[in-house]
Amino acid sequence: MKRKKFASVWDAIEPSAADAASMKARAQLTMAIRETVETWRVTQTAAAKRLGLTQPRMNDLIRGRVSKFSLDALLNIAA
């Protein structure tokens with residue numbers, strides 16, 4: 001069996017290049033938001049309120065559950 005090499009995990013698991021690009025962008029935004037929130041040194045509830053989210057949605061974001069957020073939603077949160 002021949003092994004394939006991929007530039008990222010998203011390229012390996014997503015069915016198309018467009019889907020992989022979307023997931024890469026979503027993952028990068030998620031990480032950037034999480035890093036910013038960590039600098040605030042507040043509870044998830046306080047961070048969620050500041051970002052206009054519920055605490056469970058904030059938890060999804062902090063835990064890196066990328067597939068639960070659209071690219072548009074992440075851009076709105078980041079803005």
Side-chain angles (χ1 to χ4, degrees):
M1 185 157 116
K2 202 171 195 177
R3 289 187 174 202
K4 286 186 173 182
K5 289 196 175 201
F6 297 96
S8 79
V9 68
W10 301 115
D11 293 326
I13 63 175
E14 291 298 322
S16 70
D19 290 337
S22 175
M23 290 304 288
K24 284 180 206 174
R26 289 159 62 184
Q28 289 173 340
L29 271 170
T30 299
M31 288 187 289
I33 294 166
R34 183 180 66 226
E35 289 169 4
T36 299
V37 168
E38 286 173 356
T39 66
W40 296 345
R41 299 204 184 274
V42 297
T43 64
Q44 280 189 11
T45 303
K49 190 173 189 176
R50 187 169 176 177
L51 294 175
L53 301 172
T54 63
Q55 188 278 326
R57 289 287 284 166
M58 188 72 226
N59 186 269
D60 288 338
L61 188 63
I62 297 299
R63 299 283 179 231
R65 296 183 181 117
V66 178
S67 62
K68 292 193 171 209
F69 294 89
S70 69
L71 188 52
D72 287 341
L74 290 168
L75 287 170
N76 288 333
I77 293 166

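Just so you know, these numbers use all the heavy atoms, side chains as well, and skip hydrogens, waters and symmetry mates.
Atoms OG1 and CD, on T54 and Q44 in that order, are 10.5 Å from each other to the nearest 0.5 Å. Note that the CG atom of N59 and the OG1 atom of T45 stand 10.0 Å from one another [nearest 0.5 Å]. Residue M58 holds its CE atom at 8.0 Å from CD1 of I33, rounded to the nearest 0.5 Å. Note that CG of L75 is 11.0 Å distant from CZ of R26, once rounded to the nearest 0.5 Å. To the nearest 0.5 Å, atom CG of residue D60 and atom CZ of residue F69 are 5.0 Å apart. In this structure, CZ in R34 is found 12.5 Å from OG1 in T39, a value given to the nearest 0.5 Å.
With a 4.5 Å cut-off between side-chain heavy atoms of Ile, Leu, Val, Met, Phe, Trp and Tyr, the cluster of W10 takes in V9, I13, M23, V66.
For A21, there are no side chain to side chain contact (heavy atoms under 4.5 Å, CB included) partners at least two apart in sequence or on another chain.
Shown here for L71 and A25, the closest heavy-atom pair between the two residues is CD1-CB, 3.9 Å.
Hydrophobic clustering (ILVMFWY, side-chain heavy atoms < 4.5 Å, transitive): W40 and M31 are in distinct clusters.
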Could you walk me through whether L61 and V37 pass the side-chain contact (heavy atoms from CB on, under 4.5 Å) test, one step at a time? CA-CA 10 Å; L61 188 63; V37 168; 5.7 Å; no

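Residue pairs meeting the side chain to side chain donor-acceptor pair (under 3.5 Å) criterion with at least one partner in residues 15-24, sequence neighbours excluded, are D11-K24, S16-D19.
Judged purely by atom type and a 3.5 angstrom limit, R57 has no side-chain atom pairing as donor or acceptor with the backbone of A48.
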